[in-house]
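Numbering of ligands and ligand atoms starts at 1, following listing order. For reference, positions follow the sequence shown, starting with 1. All values below were derived from every heavy atom in this structure, side-chain atoms included, with hydrogens, water molecules and symmetry-related copies excluded.
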Amino acid sequence: MGFPKDFLWGGAVAAHQLEGAWNVDGRGPSICDVLTGGANGVAREITDGVMEGKNYPNHRGIDYYHTFREDNALFRDMGFNCFRTSISWSRIFPNGDEEEPNEAGLQFYEELFSDYRAKGMEPVVTLSHFEMPLHLARMGGFTNRKVVDCFVRFATTVMERYKNQVTYWLTFNEVDNQMNMHTPIFPYTNSGIIPDPDASPHEVEQRIWQAIHNEFVAAAIAVRTGHEINPDFRIGCMLSFVPIYPQTCRPDDVMLAQMQMRDRYLFGDVYTHGEYPKYLIKRWEREGFDINMEPGDLEIIQGGIVDFVSLSYYMSTAVSSEGATSVSMEHNLKGLVPNPYIEATDWGWQIDPVGLRYSLCEMYERWNKPLFIVENGVGMYETCDENGFVADDSRIAYLRSHIEQVKKAIDFDGVPVMGYTVWGCIDVVSFGTGEMKKRYGLIYVDADDEGNGTYCRSRKKSSYWYQNVIATNGEEL
Ligand code: BG6
């Protein structure tokens, strides 16, 4: 009973949100380097290159590029046995389409991964976490088939280089998130599409489907190639799992929720079954989407089935067949309505621990693959007390209530969960808003949205609580 002995406990971050050092050691600009800081309810802007006088928080991150050894020592002290981060593609291929990689970038990750291992943490590495070289985004991101080749070269290079250091790999972070991203609110999709104000909604969606197909091909090649490089590699996909509940048992509500869940399920369906589901093919036909597939693409997808499914889980949503189409920072869902039974964070993310167990059951029973929760956490406004301490009891309550549900999924439902990594185990730049003040960390970083502060680190109360959770393998919550 309880968590398996080899359960992976740790934290998760992404290169562009913490490394900083955006233009050193040969790194090229990534799409995140032209994203300005936004605010709660205020979208980030994507600029045409880096512009004088604008605030680009990802240029700074929390300077982990220079502080990783000390930060990793804090993670080790908390007892992490794994650590999830991503590789900044433009450190390795500055423009993305070079033939040869940047050795300084490769060297950096070699040192980083060996530091994790030296401190007892198994690296869990995302190949592309919401970023690509800016040059590739300007080529159309994954709508452009050439970007598939560039990604494969990048993935092959790093998997070859780190084949003795990294076992766990994830392809595209929250690949399904782009289904929410066809609104002007998001500056770009995670497949690298920068919005074109002159494109019709149908054209925008056509581009997204094309990018998604190309990403499926790219991910499948990465899975196959990775297994050739090292048969011990365990390679997973990564989904943003936000269950969509019907607001009532009115049949139209139930049907609407099922239709909308397909935007989530289809990614796992393809990654685990190796083929496009019938409901998607029907939708493409019905809505007039014409996906350009090269000969052999479907066989490639068939041959690239993942070893496990990883997910982020933050919240659930609800829809009503009588609700209006909602365009918000987080969702673009027809009929989105608030769920009156649960509370939301200051950023409107609805807190629903039971939804995590529900999601784990749905995913496992549909896909029959081990699951890895690689993001879960809560963004909050926080200040230090007069002693410089953050007593983040509500974060502890959030994490406890979610981990309890993971335990139930394992014990009661028989779901094979491989691990759990808290999102933003250290305060980092928020992806959605670019703020530092939307804090997820178990470790506080003294920095504000404009980059002022000492950048000193200090452990919050939650870090001691989580340390005990890990030490007792989830027995004491
Ligand atoms: C996930 C992303 O969507 O949620 C992370 O994978 C992101 O990159 C996290 O930071 C929390 O979102 P936000 O917008 O609050 O930073």
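- Each of the atoms 2 (C), 5 (C), 6 (O), 8 (O) of ligand 1 lies under 4.0 Å from some heavy atom of H129.
- Using modelled atom types and a 3.5 Å distance limit, the side chains of N72 and Y64 yield a donor-acceptor pair.
- No part of V428 comes within 4.0 Å of ligand 1, judged by heavy-atom distances.
- Taking the six-membered ring for Trp and the full ring otherwise, the centers of W347 and Y314 sit at least 6.0 Å from each other.
- Between K369 and D307, none of the side-chain N atoms (NZ, or NE/NH1/NH2) sits under 4.0 Å from a carboxylate O, so this pair counts as no salt bridge.
- Looking at D427 and K460, a side-chain N of the basic residue comes within less than 4.0 Å of a carboxylate O on the acidic one, giving a salt bridge.
- Between N173 and ligand 1, a contact under 3.5 Å exists for at least one N or O pair.
- Remark: ligand 1 atoms within the under-4.0 Å shell around heavy atoms of W349 are 11 (C), 12 (O), 15 (O).
- Annotation: W22 is not in aromatic contact with Y56 [ring centroid separation under 6.0 Å not met].
- Residue contact check: F431 has heavy atoms under 4.0 Å from atoms 7 (C), 8 (O), 10 (O), 13 (P), 14 (O), 16 (O) of ligand 1.
- Close contacts between ligand 1 and K438 involve ligand atoms 13 (P), 15 (O) [criterion: under 4.0 Å to a heavy atom].
- No heavy atom of W347 sits closer than 4.0 Å to any atom of ligand 1.
- The pair R457-E70 does not count as a salt bridge, with every side-chain nitrogen at least 4.0 angstrom from each carboxylate oxygen.
- At a heavy-atom cutoff of 4.0 Å, ligand 1 is contacted by no atom of A14, backbone or side chain.
- Those atoms of ligand 1 that come under 4.0 Å of a heavy atom in Y440, given as number and element, are 11 (C), 12 (O), 13 (P), 15 (O).
- Using a 4.0 Å cut-off between a side-chain N of Lys or Arg and a carboxylate O of Asp or Glu, D71 and K119 do not qualify as a salt bridge.
- If you look at F142 and F172, their ring centroids are closer than 6.0 Å.
- Every atom of ligand 1 with a heavy atom of G432 under 4.0 Å away is listed here by number and element: 13 (P), 14 (O), 16 (O).
- When each atom of ligand 1 is checked for a heavy atom of S430 under 4.0 Å away, the hits are 13 (P), 14 (O), 15 (O), 16 (O).
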